2 protein chains.
Amino acid sequence: MKIGELAKKTDCSVQTIRYYEKEQLLCTTQRSDGNFRLYDEAAVEQLLFIKLCRNLDLSLSEIRQLLTLKRSPGAQCDQVNRMMDTHIQQVETRIQELVQLREHLKSLRRSCSSERTIEQCGILQTLTTNQHQKR
Amino acid sequence: MKIGELAKKTDCSVQTIRYYEKEQLLCTTQRSDGNFRLYDEAAVEQLLFIKLCRNLDLSLSEIRQLLTLKRSPGAQCDQVNRMMDTHIQQVETRIQELVQLREHLKSLRRSCSSERTIEQCGILQTLTTNQHQKR
DNA sequence: GCTTGACTCTATAGTGACTATAGAGTTTAA
DNA sequence: TTAAACTCTATAGTCACTATAGAGTCAAGC
Ligand SMILES: [Zn+2]
Ligand SMILES: [Zn+2]
Ligand SMILES: [Zn+2]
Ligand SMILES: [Zn+2]
């Protein structure tokens, strides 16, 4: 199948597929006489695997590592598990940061009502006067 | 003061300051004889304002809008408030996405223990076999 | 055989918010 | 005077794409 069909089957843009090839995540083994990329079912599966990993927010470099590991079936799981643990930890950290940010934003938002002018704006005042608290 | 001193005072890198100038967030009004940028206390305050906004994850474009608003003190607060509300909503959405992602990652992680080989890896199996569930 | 349209190719630039160079010029202190 | 420390501009890199431009390929219909 040609790249357009692979794109449709995997719900992935044609440019993205070519980008993954450039990034060594998906190699095109065959080309047609007219130099068109040709793919088989294994390519569909590999691309779907990549998509699932991207949905888990794994980076392309992490996915590349996973694909390499998949090709050495005798190896131990440690590396996969460590990657997952690190990844989960990063997501956890980001959630905590965002929760704090949300509370900060909400309290800032409470310092202003719509009827005011910019001059009296609690939000801008807070953001500005904080700067003068040098002690 | 020169750019290095401004950088130290605001805990901001020299390149970032120059970048903000290029992005019209901080204009350099004066230059020395040797073409060095010169700043005053107002620049320190503006840069600190920008930093506070960045800590709130506001985009440079949003900060540019806030700076413009700050310069028209008679205007109403609506625009500021709308920006904050939108921003809070986006943070909220992102938190929910990440919480779901975390749960997904955790359940995936539970499908494997370190003693296994890649061949038996529950994580890789889940990511791979999902692809065959075409119905 | 020819045209039209849909597809594909490569190469390049853009996104956002920086960071990191290279290669030049300026200032300051010893 | 010379060395170090600073500054200047311009350019490229980061990440995971997305969007062009300009060319070539292919299949159907006339
Ligand atoms: Zn990761
Ligand atoms: Zn306000
Ligand atoms: Zn925003
Ligand atoms: Zn495993």
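Bear in mind the structure is a predicted one, so any value in this text is a computation, not a measurement. Below, all heavy atoms of this structure are taken into account, side chains as well, without hydrogens, waters or symmetry copies. Convention: sequence-line order gives letters A, B, ...; per-chain numbering from 1.
Side-chain N/O atoms of B/Arg37 include none lying less than 4.0 angstrom from OP1 or OP2 on D/dT7. A close approach under 4.0 Å does not occur between any side-chain nitrogen or oxygen of A/Ser13 and OP1 or OP2 of D/dC17. For D/dA16, the OP1/OP2 oxygens have no side-chain nitrogen or oxygen of A/Tyr20 closer than 4.0 Å. Contact annotation: B/Thr16 side-chain N/O to C/dT19 OP1/OP2 distance is under 4.0 Å.
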Evaluate the criterion salt bridge (Lys or Arg N to Asp or Glu O under 4.0 Å) for residue pair B/Glu97 and B/Arg102; output intermediate values, then yes/no. CA-CA 9 Å; B/Glu97 283 170 7; B/Arg102 179 184 60 190; over 6 Å; no

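Each of C/dT27, C/dA17, C/dT8 was ranked by its minimum atom distance to the side chain of A/Phe36; first place goes to C/dT8. Checking D/dT7, D/dT18, C/dT19 against the side-chain heavy atoms of B/Val14 singles out D/dT7 as nearest. In this structure, the nucleotide among C/dT19, D/dA16, D/dC8 sitting nearest to the side chain of B/Gln15 is C/dT19. Comparing C/dT10, C/dT19, D/dT18 by their closest approach to the side chain of A/Arg31 singles out C/dT10. Each of D/dT9, D/dC17, C/dT8 was ranked by its minimum atom distance to the side chain of A/Arg18; first place goes to C/dT8.
Taking atom CD on B/Glu21 and atom P on D/dT7, their separation rounds to 14 Å, with Å as the unit. The distance between atom CD1 of B/Ile17 and atom P of C/dA20, rounded to the nearest whole Å, is 15 Å. Spacing between atom CD1 of A/Ile3 and atom C1' of C/dC7 amounts to 11 Å, rounded to whole angstrom units. Rounded to an integer number of Å, the gap from B/Ile63 CD1 to C/dG16 C1' is 12 Å. Nucleotide C/dT27 holds its P atom 8 Å from the NZ atom of B/Lys2, rounded to whole Å. Taking atom CG of A/Asn35 as the reference point, atom P of C/dA11 lies 11 Å away to the nearest angstrom. Distance, B/Leu60 CG to C/dC18 C1': 9 Å, rounded to whole Å. Atom pair B/Lys22:NZ and C/dA20:C1' shows a separation of 14 Å (rounding to whole Å applied).
Using a 4.0 Å heavy-atom distance criterion, B/Ser59 is classed as a sugar-phosphate-only contact.
For the pair A/His87 (side chain) and A/Leu56 (backbone), a donor-acceptor distance under 3.5 Å is present. Counting only distance, with no hydrogens or angles, the side chain of A/Lys51 and the backbone of A/Thr10 share a donor-acceptor pair below 3.5 Å.
Within a 6.0 Å radius of CD in B/Gln120, other residues, nucleotides and ligands contribute more than 12 heavy atoms.
Each of B/Glu5 and A/Arg54 lies near DNA chain D, and the nucleotide nearest B/Glu5 is the one positioned closer to the 5' end.
Remark: the A/Lys70 side chain and the B/Thr128 side chain contain an N/O donor-acceptor pair separated by less than 3.5 Å.
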